[in-house]
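Note sheet for the following structure.
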Amino acid sequence: MKPVIVWFRQDLRLADNPALHAAAASGTPLICLFVLDDTSPGDWTWGGASRWWLHHSLTALDNSLDGKLVLRRGDSAKVLKSLVKDTGADTVMWNRCYEPFAVERDTALKVELVKDGVTVQSFNGALLHEPWALKTKTGNKPFRVFTPFWKSMRALDVAKPLPAPGKLRHHKIESDRLKDWKLLPTRPDWSKGFDWTPGEKAAHDALYDFLGDVGDYGTARDLPDRDGTSRLSPHLHWGEISTRQTWHAVRARSHSHGSETFLKELGWREFCGQLLFHNPGLPTQPLDQRFAKFPWRKSQKDFDAWTRGQTGIPIVDAGMRQLWQTGWMHNRVRMIVASLLIKHLGIHWRDGEAWFWDTLVDADLASNSANWQWVAGCGADAAPFFRIFNPVLQGKKFDPRGVYVRRFVPELKDVPDRFVHEPWDAPQPPANYPKPIVDLAAGRMRALQAFRALKQ
Ligand SMILES: Cc1cc2nc3c(=O)[nH]c(=O)nc-3n(C[C@H](O)[C@H](O)[C@H](O)COP(=O)(O)OP(=O)(O)OC[C@H]3O[C@@H](n4cnc5c(N)ncnc54)[C@H](O)[C@@H]3O)c2cc1C
């Protein structure tokens, strides 16, 4: 019997995996394949934290497949074509990825395989709705504004998740050894503080842990010292759990304000996905073209201070250290650190985007680029550039007692609560903590002047 190849990509799960489901239903032996392709994504090959996640996630997937996951490294199209030739496989199935380079690669591959007489079937396993499914009523165009997008999306039914397939039959074939791919950091091993368990089972555990608290999500999600959010983002990015599964689990548990707010965040994920699909330049080009001429400052010294959590601004340093130590940062703090970099320091949003890409375990081309553009004020439905977060006020509002800040910036542990977000005003500022690298009022003025000049 000719085998069927199931090409796993950002869908590292068995349940609600449409490609695997269809392949298993065919009753033929399967080749469950993952290709480490460091070639085709251009500048967007996986960053260090993503590679860490991938190593562990593939280990988990291989366990779920009884050790039958087939690993290959190289140009995906070449690997697929030669595997088809070597094994005589007559069908290839995959779940669609929507990054521009993936769309281009997969479209070309499909044409070539079909020309060679191979059946190719692709499915939607990543988003709740295809990125082309929702269009504006007037103009029939892709949405650029979130609220009408969400209204339109909320009115649609979300398909029910598929069950995990039963016992699978596997085609016998050699695999690369995961450890030869060297995805884990060694010298230095910066992943010691990564308190994550990748994999499908852990993704469901995280979801069910969170469901108990979903009612509080509306308020708790903005408080970085609390476990008020789901932390599902890396699991969702790698497809260890699907958005459909998450959506239906939340709907089944609660119809509260908290659960509705959470569903809306999944809506933002969809919004980012369709923005990237319709705007392939999103990771590199401002959607608002006026910003192409923005006079960005170049300062390696300030950028390094930002990446290392040494800006002297507590909530920013706590966020950047959380990112470095754990591979993740709270959403509210992501907005604050991004705003400081872009606005007070005047550094290009793309530099921040690239740093996040390398250090986040949930680094996702659509969500990362759309959110950086959102903070920079140059994206779709973006926060206006002139609305500049004051990181001291943000800290006081969302971390009033400095619990979060002290967790990641121990230099501030003895600073009284009322000075924890502006330690420079404390009666005894801590000697081992830097003074702010930017005067917040002056940085704000400089940003506004640059913006005014841009508008003229
Ligand atoms: C500058 C910046 C960069 C970001 N880069 C990424 C990224 O690379 N990958 C990523 O997944 N998210 C990114 N986000 C969005 C958001 O910060 C994270 O999705 C969220 O913090 C993940 O934590 P959580 O799973 O606990 O979220 P929850 O609050 O529990 O939300 C549930 C899910 O909704 C989705 N979601 C929530 N907020 C957003 C949002 N603003 N945009 C898109 N999807 C959202 C995520 O999939 C998330 O897992 C970025 C935000 C900013 C401001």
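Quick caveat: nothing in here was measured; it's all calculated off a predicted structure. Each ligand, and each atom within it, is numbered from 1 in the order the structure gives.
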Say whether Trp306 and Asp302, considering side chains only, have a donor N or O and an acceptor N or O under 3.5 Å apart.
-> no
In terms of ring plane angle, is the pair Trp94 and Trp7 parallel, tilted or perpendicular, where the classes change at 30° and 60°?
-> perpendicular
Taking the six-membered ring of Phe408 (Phe, Tyr or Trp), confirm whether the NZ or CZ of Arg321 is under 6.0 Å from its centre and within 45° of its axis.
-> no
How about Arg308: does its CZ atom have over 12 heavy atoms from other parts shown lying under 6.0 Å from it?
-> no
Does a donor on one side chain sit under 3.5 Å from an acceptor on the other, for Tyr98 and Glu130?
-> yes
Give me the one residue out of Asn17, Leu20, Val6 that meets side chain to side chain contact (heavy atoms under 4.5 Å, CB included) with Asn95.
-> Asn17
Show the protein residues that qualify under the rule heavy atom under 4.0 Å from an atom of ligand 1, listing them in chain and number order.
-> Tyr217, Thr229, Ser230, Arg231, Leu232, Ser233, Leu236, Phe262, Glu265, Leu266, Trp268, Arg269, Cys272, Trp328, Met329, Asn331, Arg334, Met335, Phe356, Leu360, Asp362, Ala363, Asp364, Ser367, Asn368, Asn371, Trp372
